[in-house]
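Take a look at the structure set out below.
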Amino acid sequence: MASDGFTTCLWFDGQAEEAAHFYVSVFKNSSVGKIARYPEGAPQPAGSVMTVEFTANGHKFLGLNGGPQFKFTEAVSFMIFCENQEEIDYYWTKLTENGGEPGPCGWLKDQYGVSWQVVPDRLDDMITDPDPAKAARVTEAFMAMSKFDIAALEKAYAGE
């Protein structure tokens, strides 16, 4: 068994290094590590970036410039649990700028097509509340949202 967690490999079409620097600029506890380049005779131009190691918010990633064969989909997303509306607004703005796309229920795609869920850290407690009426009101409220509005969710939870 791996003793130090997992590394997520993200397949890009030539933007791995650019994406790594972008993610490092958005998240705290982040850095760019080793960069490997394609050798002569490889499927990509010699000297171009093959892989870039980076850490974003303490999570290890490997960006791979593999070519145009594969694209990101919403089938895999990264969840960012936010303490307050300021954090939600920050991540929402940073990740949707420069061609990112807002989606429903706290989901968005960044400029590289990677899917993210920017959610209040209290959301799970609200939608799993033992009172089914509270959970239903919160669920109904967030289903109508794009970017989450914590104040509106709290009002729904309280029955206001």
Side-chain angles (χ1 to χ4, degrees), residues 1-128 138-139 142-150 153:
M1 300 269 299
S3 62
D4 62 349
F6 296 98
T7 298
T8 301
C9 181
L10 299 174
W11 181 295
F12 294 92
D13 184 15
Q15 309 96 345
E17 186 176 14
E18 175 187 313
H21 286 288
F22 171 71
Y23 297 131
V24 165
S25 77
V26 171
F27 296 99
K28 295 176 185 176
N29 191 22
S30 302
S31 62
V32 174
K34 296 178 188 174
I35 297 175
R37 300 193 177 277
Y38 278 104
E40 291 290 335
Q44 301 292 335
S48 65
V49 172
M50 179 170 52
T51 62
V52 57
E53 296 176 3
F54 65 100
T55 302
N57 199 30
H59 183 88
K60 295 184 296 183
F61 291 90
L62 179 77
L64 167 67
N65 281 328
Q69 297 89 334
F70 301 110
K71 303 288 184 213
F72 296 111
T73 75
E74 293 84 354
V76 173
S77 62
F78 295 97
M79 295 180 79
I80 305 168
F81 293 97
C82 299
E83 187 176 316
N84 54 46
Q85 191 66 45
E86 183 180 9
E87 284 186 4
I88 287 175
D89 294 345
Y90 169 80
Y91 289 115
W92 192 269
T93 299
K94 289 292 186 183
L95 293 170
T96 57
E97 68 187 5
N98 298 320
E101 301 173 10
C105 304
W107 289 60
L108 62 88
K109 280 188 180 180
D110 68 26
Q111 61 187 322
Y112 303 102
V114 176
S115 291
W116 299 86
Q117 295 179 57
V118 182
V119 300
D121 58 9
R122 231 174 89 51
L123 182 64
D124 189 54
D125 289 339
M126 288 192 262
I127 63 173
T128 60
V138 171
T139 301
F142 85 68
M143 294 296 282
M145 295 178 183
S146 181
K147 178 177 74 171
F148 281 123
D149 177 339
I150 293 176
L153 293 172

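These numbers come from a predicted model, not from an experiment. Computed over heavy atoms, backbone and side chain alike; hydrogens, waters and symmetry mates excluded.
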(request) Decide yes or no for Tyr90 and Cys82: does some side-chain heavy atom of the first lie under 4.5 Å from some side-chain heavy atom of the second? (result) no
Can the ring centres of [X] and [Y] be said to be less than 6.0 Å apart?
{"X": "Phe70", "Y": "Phe12", "answer": "no"}
{"X": "Phe142", "Y": "Phe148", "answer": "yes"}
{"X": "Phe78", "Y": "Phe61", "answer": "yes"}

(request) In sequence, state the C-alpha distance, the side-chain angles, and the governing distance for Asp89 and Lys147, and then conclude on salt bridge (Lys or Arg N to Asp or Glu O under 4.0 Å). (result) CA-CA 8 Å; Asp89 294 345; Lys147 178 177 74 171; 2.9 Å; yes
(request) Just do the side chain to side chain contact (heavy atoms under 4.5 Å, CB included) check on Leu62 and Phe54 with the steps written out, would you? (result) CA-CA 6 Å; Leu62 179 77; Phe54 65 100; over 6 Å; no
What heavy-atom pair brings [X] and [Y] nearest, and what distance separates the two atoms?
{"X": "Glu40", "Y": "Ala46", "value": "OE2-CB, 3.3 Å"}
{"X": "Ser30", "Y": "Asn57", "value": "OG-N, 3.0 Å"}
{"X": "Ala16", "Y": "Val52", "value": "O-CG1, 3.5 Å"}
{"X": "Arg37", "Y": "Val49", "value": "NH1-CG2, 3.2 Å"}
{"X": "Val119", "Y": "Ile88", "value": "C-CD1, 4.3 Å"}
{"X": "Gln111", "Y": "Glu97", "value": "CB-O, 4.1 Å"}

Measuring from atom [atom1] of [X] to atom [atom2] of [Y], what distance do you get when rounded to the nearest 0.5 angstrom?
{"X": "Tyr38", "Y": "Gln44", "atom1": "OH", "atom2": "CD", "result": "5.0 Å"}
{"X": "Ile150", "Y": "Asn84", "atom1": "CD1", "atom2": "CG", "result": "6.0 Å"}
{"X": "Cys105", "Y": "Leu108", "atom1": "SG", "atom2": "CG", "result": "12.5 Å"}
{"X": "Met79", "Y": "Trp107", "atom1": "CE", "atom2": "CH2", "result": "8.0 Å"}
{"X": "Tyr91", "Y": "Asp110", "atom1": "OH", "atom2": "CG", "result": "14.0 Å"}
{"X": "His59", "Y": "Thr8", "atom1": "NE2", "atom2": "OG1", "result": "2.5 Å"}

(message) For the backbone of Gly103 and the side chain of Ser146, can you confirm whether one donor and one acceptor N or O come within less than 3.5 Å of each other?
(response) yes
(message) When you measure from the side chain of Glu87 to the backbone of Gln85, do you find a donor-acceptor pair of N or O atoms at a distance under 3.5 Å?
(response) no
(request) Might you confirm whether atom NZ of Lys60 has over 12 heavy atoms from other residues, nucleotides or ligands at distances under 6.0 Å? (result) yes
(message) I'd like to know whether CD of Glu83 has more than 12 heavy-atom contacts from other residues, nucleotides or ligands below 6.0 angstrom.
(response) no
(message) Under the side-chain contact (heavy atoms from CB on, under 4.5 Å) test against Tyr23, which residue among Thr55, Val114, Val32 passes?
(response) Val114
(request) Go through Glu18 and Tyr112 one step at a time and tell me if the side chain to side chain contact (heavy atoms under 4.5 Å, CB included) criterion holds. (result) CA-CA 10 Å; Glu18 175 187 313; Tyr112 303 102; 2.9 Å; yes
(message) Just by distance, no angles: are the side chains of Ser115 and Glu74 close enough, under 3.5 Å, to form a donor-acceptor pair?
(response) no
(message) side chain to side chain contact (heavy atoms under 4.5 Å, CB included), that's the test. Do Glu17 and Ile35 meet it? Break it down for me.
(response) CA-CA 8 Å; Glu17 186 176 14; Ile35 297 175; 3.3 Å; yes
(request) Please lay out, stage by stage, how Ser48 and Asn65 fare under the test side chain to side chain contact (heavy atoms under 4.5 Å, CB included). (result) CA-CA 9 Å; Ser48 65; Asn65 281 328; over 6 Å; no
(request) Evaluate the criterion ring-ring contact (aromatic ring centres under 6.0 Å, His included) for residue pair Phe81 and Trp116; output intermediate values, then yes/no. (result) CA-CA 11 Å; Phe81 293 97; Trp116 299 86; over 10 Å; no
